[in-house]
Amino acid sequence: MVFIPKYNLIEELKWRGLFHQDVPGTEELLMKEMVSGYVGFDPTADSLHIGNMVPIILLVHLQRAGHKPYALVGGATGMVGDPSGKKSERTLLNLETLNHNLACQKRQLEQFLDFNADSNSAEVVNNYDWFQNFGFLEFIRDVGKHISVNYMMAKDSVKNRLEEGMSFTEFSYQLVQGYDFYYLWKEKNVKLQMGGSDQWGNIVTGTELIRRKGEGEDAKGYSLTAPLITKADGSKFGKSEGGNVWLDAEKTSPYEFYQFWMNTTDADAERYIKIFTLHSKSWIDNMISAHQEAPHQRALQKELAKYVTTWVHGESGYETALAATEILFGNGTSESLRSLSEKDFLSVFDGVKKSEVEEIEGVSIVDLCGDTGFLASKSEARRALKENSISVNSEKVNEDFTFSNADLINGKYILLQRGKKNKFLILKK
RNA sequence: GGGGAGAUACCAGAGCGGUCAAAUGGGGCAGACUGUAAAUCUGCUGCUUCGGCUACGUAGGUUCGAAUCCUACUCUCCCCA
């Protein structure tokens, strides 16, 4: 059977800005046969975040091009800790946390890939499966023997830590990850490892291991990395006020998730639409020129936010986020808030922080803001009120404002806002 | 083991007996302008019942008065062995 890829993966990744570097011969390989390729995920948290989306998208493209994707969850590597890009030694996770994280991540990965394709179904593998019974002596004889310390020391992930210091555990990390590649190559005919550019060092340790330990002419591993996603202003991609932007709706609500993409700057949006959506090149080019003609419409941001939110949270997640956005950023007046049914109201404010109070009649705005956890203290509440930044039910109020029962929406809710983006919901018991 | 330097707010970092809730920069938040953008400008960035109160690694001490001086302790970094 002759293999014809659906498209040239490397070319596709290049115009999308998802290509950083590869080892020579990778493109030829991808054009001539169905390739099994993998990406590893680090189980440091119980949810993936948008920083993990690029590696996931690499797998998605791999599969769309007709190849077979493997997602590796790092049960074993997670126990060691990847030193890449870290300034200091990492704390080790206990087994229980690790397993919980693995299970959660596995579920999330499954929503992006096709597990029921004819010949190139995705698979999830866990490197703990092949490491759990791998003895230390066996490992250092079988694996350690093939890689010199000099070689390992030359890696940036190690070099950058020579001043600060690093434990033997983290030093060994690249061997563990390298062995993963070797194992998958040998057992599952996986020839390609992909990842972020920070993973280059770890990946080539794997290809090196395949070259030295593998037998025959075919003993060659290929690799491909995506660039680090940057923001135009130089700050770190993937963080919002609350820290990471998670894929888990419990940790980052669909509304917040949608808003994250909505707030992308123009320059970044033009790059992100290529990276985070699967739209075609011509479609995107049109979109970008349309956006440049009428930038205030924010068409790019809206499409980007819609696409990614739907991908991660489904249609319903997107609908909720959009409804909330229209109310809060549209001509959001007190009336439009009050016109919502209780059910809609609650779903709109699903991701907004809340607090309950006993009584509202006669309570001053300062007390309410300070005591409910909306603002850190009454002093801060006073300051914010002087800055004219506090709104009650979408209407600005001053320091003398006192609540009455008439302010309750549906007889039990009050919406507090500081500025445009910080919202808080008060529930009367 | 010997010698040296240091620990100040979210971070970096000044202050070295009263005028210090503590310079300056960064970050963060808000306001103006806008397009929920960027840039720019402005304000704020310990708590408070607005009387005060608690804070400059920890615990004591000197003093009318301590972030500042003394003692001990803890921790960090550097140099030598």
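Owing to the predicted nature of the structure, the values given are computational and were not obtained by experimental measurement. The sequence lines fix the lettering, A, B, ..., with proteins before strands; numbering per chain opens at 1.
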Would you list the pairs meeting salt bridge (Lys or Arg N to Asp or Glu O under 4.0 Å) in which at least one residue belongs to residues 373-388 of chain A, sequence neighbours left out? Asp367(A)-Lys378(A), Asp371(A)-Lys378(A), Glu380(A)-Arg418(A), Arg382(A)-Glu399(A), Glu387(A)-Arg418(A)
Whole angstrom value for the distance that separates C1' of C29(B) from CZ of Phe374(A): 11 Å
Partners meeting side-chain hydrogen bond (donor to acceptor under 3.5 Å, both in side chains) with Gln105(A) (sequence neighbours left out): none
Ignoring hydrogens and angles, tell me if any N or O in the side chain of Gln193(A) forms a donor-acceptor pair with the backbone of Ser223(A) under 3.5 Å. no
Does any pair with a residue in residues 46-62 of chain A pass salt bridge (Lys or Arg N to Asp or Glu O under 4.0 Å), and if so which ones, sequence neighbours excluded? Asp46(A)-Lys251(A)
According to the Watson-Crick and G-U wobble definitions, with both distances under 3.5 Å, which nucleotide is paired to A38(B)? none
For Glu250(A), give me all partners under salt bridge (Lys or Arg N to Asp or Glu O under 4.0 Å), at least two apart in sequence or on another chain. none
Partner of U24(B) under the Watson-Crick or G-U wobble criteria, both distances under 3.5 Å, comes out as A12(B)
Non-neighbouring partners of Asp248(A) that pass salt bridge (Lys or Arg N to Asp or Glu O under 4.0 Å), sequence neighbours left out: none
Say you pick atom C1' in U68(B) and the same atom in G52(B); how far apart are they, in whole Å? 24 Å
Where does G35(B) land, syn or anti, once you apply the within-90°-of-0 test for syn? anti
Ignoring backbone atoms, test whether Lys421(A) places a side-chain nitrogen or oxygen under 4.0 Å from the OP1 or OP2 oxygen of A30(B). no
Can you check the distance between A7(B) and C70(B), where both ends of the measurement are the P atom (answer in whole Å)? 14 Å
Check the distance between A37(B)'s P and Leu304(A)'s CG and give it to me in whole angstrom. 16 Å
Just the rounded figure in Å: distance from P of G35(B) to CG of Asp268(A). 20 Å
Pairwise C1' distance, A81(B) and A67(B) [rounded to whole Å]: 37 Å
Go through the structure and list residues passing side-chain hydrogen bond (donor to acceptor under 3.5 Å, both in side chains) with Lys428(A), not counting sequence neighbours. none
Show the distances under 3.5 angstrom between N or O atoms of the protein and N or O atoms of nucleotides 39-43 of chain B.
residue: G43(B); atom: N2; partner: Glu387(A); partner atom: OE2; Å: 2.9

Just to be sure I understand the geometry, which residues of residues 285-303 of chain A put a non-hydrogen atom under 4.0 Å away from RNA chain B? Pro295(A), His296(A), Arg298(A), Gln301(A)
Could you give the NZ-to-C1' distance, from Lys420(A) to A30(B), as a whole number of Å? 11 Å
Considering only residues two or more places apart or on different chains, which pairs with a residue in residues 283-298 of chain A satisfy salt bridge (Lys or Arg N to Asp or Glu O under 4.0 Å)? Lys281(A)-Asp285(A)
All N/O contacts under 3.5 Å from nucleotides 48-50 of chain B to the protein, with atom names and distances to one decimal?
residue: U48(B); atom: OP1; partner: Lys378(A); partner atom: N; Å: 3.2
residue: U48(B); atom: OP2; partner: Ser377(A); partner atom: OG; Å: 3.4
residue: U48(B); atom: OP2; partner: Lys378(A); partner atom: N; Å: 3.3
residue: U48(B); atom: OP2; partner: Ser379(A); partner atom: N; Å: 2.7
residue: U48(B); atom: OP2; partner: Ser379(A); partner atom: OG; Å: 2.5
residue: C50(B); atom: N4; partner: Arg382(A); partner atom: NH1; Å: 2.5

Heavy-atom count check: over 12 atoms from other residues, nucleotides or ligands less than 6.0 Å from Glu96(A) CD? no
For Trp311(A) and Phe276(A) the tightest heavy-atom approach is CZ3-O, 3.6 Å
G6(B) and U58(B): how far apart are their C1' atoms, nearest whole angstrom? 16 Å
5'-most contact on RNA chain B (nearest-nucleotide basis), Ser389(A) vs Tyr258(A), goes to Ser389(A)
Could you identify the nucleotide paired to U76(B), looking across every strand shown and requiring Watson-Crick or G-U wobble geometry with both distances under 3.5 Å? A5(B)
Quick test of your reading: applying side-chain hydrogen bond (donor to acceptor under 3.5 Å, both in side chains), list the pairs with at least one residue in residues 6-15 of chain A, sequence neighbours left out, ordered by first then second residue. Tyr7(A)-His61(A), Asn8(A)-Glu27(A), Glu12(A)-Trp15(A), Glu12(A)-Arg16(A)
Determine the interatomic distance between P on A66(B) and the same-named atom on G61(B); round to the nearest Å. 12 Å
Please give the nucleotide sitting opposite U68(B) as a Watson-Crick or G-U wobble pair, both distances under 3.5 Å, or none. none
Test Phe424(A) against every option in Thr372(A), Leu368(A), Leu415(A) by the side chain to side chain contact (heavy atoms under 4.5 Å, CB included) rule and name the one that passes. Thr372(A)
Could you tell me how far apart Met262(A) (CE) and G35(B) (C1') are, to the nearest whole angstrom? 9 Å
Nearest-Å distance once atom C1' is located in both A22(B) and U8(B): 9 Å
Rounded to the nearest angstrom, tell me the gap between atom CD in Glu399(A) and atom C1' in A30(B). 15 Å
Looking at C47(B), which nucleotide sits across from it as a Watson-Crick or G-U wobble partner, both distances under 3.5 angstrom, or is there none? G52(B)
Measure the CG-OH distance between Leu192(A) and Tyr222(A) for me, rounded to the nearest 0.5 Å. 10.0 Å
Is there any side-chain hydrogen bond (donor to acceptor under 3.5 Å, both in side chains) pair reaching into residues 129-150 of chain A, and which pairs are they, with sequence neighbours excluded? Trp130(A)-Asp180(A)
Between Ile390(A) (CD1) and C29(B) (P), how many Å, whole number? 14 Å
Closer than 4.0 Å, any side-chain N/O of Asn422(A) to the OP1 or OP2 of C29(B)? no
Distance criterion of 3.5 Å, no angle test: do you see the side chain of Lys423(A) paired donor-to-acceptor with the base of U36(B)? no
Rounding to the closest angstrom, what is the interatomic distance between C16(B) and C10(B) at atom C1'? 25 Å
Distance between the P atoms of U71(B) and G3(B), in whole angstroms? 16 Å
